[in-house]
Amino acid sequence: MLKTMIRQRWIPSLFIIGFLVVVAVNAVLIIAATRTFSGLVVAHPYTKGAEYNANLKTLAAQRQLNWRHVVTVGANADGSVLLQVQWTDQAGLALGGLSVTATLDRPVEKLPVQSVTLQDRGGGVYAASVTLPRQGLWDLRLVASRGEQSFIAADRIQVP
């Protein structure tokens with residue numbers, strides 16, 4: 001009889017303590033989750049959404065241009081990197097008179113973004129030397145423009 005009384009008093013108490021432990025752990029996890037991640041992937045989601053149609057229009061205009069580019073990366077004797085881009089139109093003819101800028105960003109670590117203006121070397125070739133702090137993979141963003149026409153391209157390059 002004594003055993004039955006002990007069981008009747010302790011078993012419900014253990015269930016209540018267990019339930020309270022589960023609630024406390026869940027509360028800690030919920031608080032930690034909401035403080036460490038806001039749920040936003042983009043810094044300004046409304047602005048990005050509002051710009052969506054403008055971006056689609058720009059992309060359609062860029063597709064009509066049908067410019068093509070080939071990126072070549074080489075090493076200079078002084079340790080800098082020679083970045084060359086060959087631009088052609090839809091007929092395969094060299095594009096001259098472009099204003100070309102390049103932005104290089106390291107995808108695997110936070111290093112300062114490198115920006116450079118490429119010089120027209122003739123025959124649709126634009127080139128510049130840039131000193132990069134590391135070898136390896138870099139994200140290259142090119143912006144080529146001529147008058148009202150512009151073309152944006154992105155490549156991942158291997159720097160020797």
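Source: prediction; values computed, not measured.
With sequence neighbours excluded, no residue satisfies side-chain hydrogen bond (donor to acceptor under 3.5 Å, both in side chains) with Asp105. Every residue meeting the side chain to side chain contact (heavy atoms under 4.5 Å, CB included) condition with Thr72, not counting sequence neighbours, appears here in chain and number order: Gln84. In this structure, Ala60 has no side chain to side chain contact (heavy atoms under 4.5 Å, CB included) partners at least two apart in sequence or on a different chain. Listed by chain and number, the residues in a side-chain hydrogen bond (donor to acceptor under 3.5 Å, both in side chains) with Ser129 are Asn76 (sequence neighbours excluded). Partners of Asp120 according to the side-chain hydrogen bond (donor to acceptor under 3.5 Å, both in side chains) rule, which considers only residues two or more places apart in sequence or in another chain, do not exist here. By the side chain to side chain contact (heavy atoms under 4.5 Å, CB included) test, Leu56 is found to be paired with Tyr52, Asn53, residues two or more places apart in sequence or in another chain being considered. Listed by chain and residue number, nothing satisfies the side-chain hydrogen bond (donor to acceptor under 3.5 Å, both in side chains) test with Asp89 (two or more places apart in sequence, or in another chain). Applying the side chain to side chain contact (heavy atoms under 4.5 Å, CB included) test to Gln119 and every residue at least two apart in sequence or in another chain returns Thr117.
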Counting only pairs under 3.5 Å, give me each side-chain donor-acceptor contact of residues 121-128, with atom names and distances, residues two or more places apart or in other chains.
| from | atom 1 | to | atom 2 | distance (Å) |
| --- | --- | --- | --- | --- |
| Tyr126 | OH | Leu95 | O | 3.0 |
| Tyr126 | OH | Gly97 | N | 3.2 |
| Tyr126 | OH | Leu98 | N | 3.0 |

Donor-acceptor list for residues 108-116 side chains, cut-off 3.5 Å, not counting sequence neighbours:
| from | atom 1 | to | atom 2 | distance (Å) |
| --- | --- | --- | --- | --- |
| Glu109 | OE2 | Arg106 | NE | 3.0 |
| Glu109 | OE2 | Arg134 | NE | 3.2 |

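Between the CD1 atom in Ile152 and the CH2 atom in Trp67 there is a gap of 11.5 Å [rounded to 0.5 Å]. Atom-to-atom distance recorded for Thr103:OG1 and Leu142:CG is 8.5 Å, nearest 0.5 angstrom. To the nearest 0.5 Å, atoms CG (Asn66) and OG1 (Thr88) are separated by 8.5 Å. Annotation: the span from Gln64 atom CD to Gln90 atom CD amounts to 9.5 Å, rounded to 0.5 Å.
For the side chain to side chain donor-acceptor pair (under 3.5 Å) condition, the pairs that include at least one residue of residues 135-155, sequence neighbours left out, are His69-Asp155, Asp139-Arg156.
Inter-residue side-chain proximity for Val73 and Leu140 is flagged as unmet; no heavy-atom pair is nearer than 4.5 Å. The shortest distance between side-chain heavy atoms of Val71 and Leu83 falls below 4.5 Å.
Annotation for Leu137: hydrophobic cluster partners, listed by chain and number, are none (ILVMFWY side-chain heavy atoms under 4.5 Å, direct or chained).
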